[in-house]
Amino acid sequence: QVQLVESGGGLVQPGGSLRLSCAASGFTFSNYAMSWYRQAPGKERELVAAITNAGVRTKYADSVKGRFTISRDNAKNTVYLRMNSLKPEDTAVYYCNGGSSRYLDPPYDYWGQGTQVTVSS
């Protein structure tokens with residue numbers, strides 16, 4: 001069955017960096033686009049970034065452009081989210097999402113369990 005397992009979350013000070021990873025299994029990873037979403041307390045889940053199956057095209061939320069970078073390693077069945085210049089408003093549970101389309105049209109059908117990112121001094 002499809003599994004998406006996130007890792008790399010934690011507590012970081014404002015201005016710091018984190019790299020999230022999502023290990024995928026149960027489907028042909030290189031055939032599908034992937035994305036990252038986040039959900040802060042009391043807010044709706046929102047798209048952070050997405051990447052096509054070959055990694056050629058990406059899209060980002062305006063709030064993270066220039067600070068976050070989505071990438072993937074199809075040999076490792078893993079998608080990453082590099083987060084720089086983190087702000088307190090980036091605090092949220094981050095979810096990996098993918099496995100149902102090769103195009104930049106998230107959300108897709110499958111979700112990970114989420115990883116907490118807290119930005120605080």
Side-chain angles (χ1 to χ4, degrees):
Q1 72 279 20
V2 173
Q3 282 195 314
L4 299 173
V5 180
E6 302 97 335
S7 61
L11 173 64
V12 63
Q13 292 187 342
S17 298
L18 281 175
R19 190 181 77 161
L20 305 183
S21 299
C22 171
S25 61
F27 64 104
T28 305
F29 181 74
S30 59
N31 285 352
Y32 296 99
M34 299 294 296
S35 67
W36 287 94
Y37 277 74
R38 68 185 181 187
Q39 187 167 22
K43 295 189 176 181
E44 292 189 355
R45 193 172 295 191
E46 63 174 355
L47 175 68
V48 176
I51 187 167
T52 50
N53 63 311
V56 174
R57 293 180 60 214
T58 57
K59 69 185 293 185
Y60 294 92
D62 287 344
S63 59
V64 307
K65 280 181 182 176
R67 300 188 298 122
F68 290 12
T69 303
I70 189 170
S71 62
R72 64 190 295 158
D73 185 337
N74 286 345
K76 295 183 178 179
N77 288 357
T78 301
V79 61
Y80 304 98
L81 185 68
R82 177 67 180 182
M83 305 184 293
N84 295 329
S85 303
L86 282 161
K87 304 175 182 180
E89 51 263 44
D90 295 318
T91 295
V93 178
Y94 283 71
Y95 296 92
C96 180
N97 168 247
S100 61
S101 170
R102 66 179 61 228
Y103 302 110
L104 283 179
D105 57 357
Y108 308 111
D109 288 354
Y110 301 101
W111 296 88
Q113 82 288 352
T115 185
Q116 176 70 47
V117 172
T118 302
V119 184
S120 175
S121 54

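Remember, it's a predicted structure, so these values are computed and weren't measured experimentally.
- Counting heavy atoms from C-beta on, the side chains of Y37 and V93 never come closer than 4.5 Å.
- Of all heavy-atom pairs spanning V12 and L86, the tightest one is CG1-CD1, 3.5 Å.
- Shown here for G99 and Y32, the closest heavy-atom pair between the two residues is C-CD2, 3.6 Å.
- In terms of heavy atoms, N53 sits closest to N74 at O-ND2, 3.1 Å.
- The stretch residues 48-62 participates, sequence neighbours left out, in these salt bridge (Lys or Arg N to Asp or Glu O under 4.0 Å) pairs: D62-K65.
- Residue pairs meeting the disulfide bond (SG atoms under 2.5 Å apart) criterion with at least one partner in residues 33-71, sequence neighbours excluded, do not occur; the list is empty.
- Shown here for S35 and P106, the closest heavy-atom pair between the two residues is OG-CB, 3.9 Å.
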Listed pairs under 3.5 Å, donor-acceptor, residues 2-10 side chains, sequence neighbours left out:
residue, atom, partner, partner atom, Å
E6, OE1, Q113, N, 3.0
E6, OE1, Q113, NE2, 3.3
E6, OE1, G114, N, 3.0
E6, OE2, C96, N, 2.7
E6, OE2, G114, N, 3.2

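- Between atom CE of residue M34 and atom OG of residue S101 there is a gap of 11.5 Å, rounded to the nearest 0.5 Å.
- Between R45 and W111 there is a side-chain heavy-atom pair separated by less than 4.5 Å.
- In this structure, L47 and P107 have side chains that are not in contact, with every pair of non-hydrogen atoms separated by 4.5 Å or more.
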Got a list of side-chain donor-acceptor pairs under 3.5 Å for residues 20-28, not counting sequence neighbours?
none

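- Annotation: salt bridge (Lys or Arg N to Asp or Glu O under 4.0 Å) contacts involving residues 8-30, sequence neighbours excluded, are absent.
- For the side-chain contact (heavy atoms from CB on, under 4.5 Å) test, residues two or more places apart in sequence or in another chain that qualify with D73 are A75, K76, Y80.
- For A49, the side-chain contact (heavy atoms from CB on, under 4.5 Å) test picks out Y60, I70, L81, with sequence neighbours left out.
- Across every non-hydrogen atom of F29 and R72, the tightest pair is O-NH2, 2.8 Å.
- Smallest separation of non-hydrogen atoms from S17 and S85: OG-N, 4.3 Å.
- Residues satisfying the side-chain contact (heavy atoms from CB on, under 4.5 Å) test with A61, not counting sequence neighbours, are S63, V64.
- In terms of the ring-ring contact (aromatic ring centres under 6.0 Å, His included) criterion, Y94 has no residue partners (sequence neighbours excluded).
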Quick one: do T91 and Q116 satisfy side-chain contact (heavy atoms from CB on, under 4.5 Å)? Show the steps, please. CA-CA 8 Å; T91 295; Q116 176 70 47; 4.0 Å; yes
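- Distance alone, capped at 3.5 Å, is enough to place a donor-acceptor pair between the N97 side chain and the Y110 backbone.
- Within the structure, every pair that satisfies the salt bridge (Lys or Arg N to Asp or Glu O under 4.0 Å) test and touches residues 89-105, not counting sequence neighbours, is listed here: R38-D90, R67-D90.
- Taking the side-chain hydrogen bond (donor to acceptor under 3.5 Å, both in side chains) definition, one finds that D109 meets it with nothing, sequence neighbours left out.
- Residue pairs satisfying the disulfide bond (SG atoms under 2.5 Å apart) criterion with at least one member in residues 27-86, sequence neighbours excluded, are absent.
- Under the 4.5 Å side-chain heavy-atom criterion for Ile, Leu, Val, Met, Phe, Trp and Tyr, Y95 and M83 are members of distinct hydrophobic clusters.
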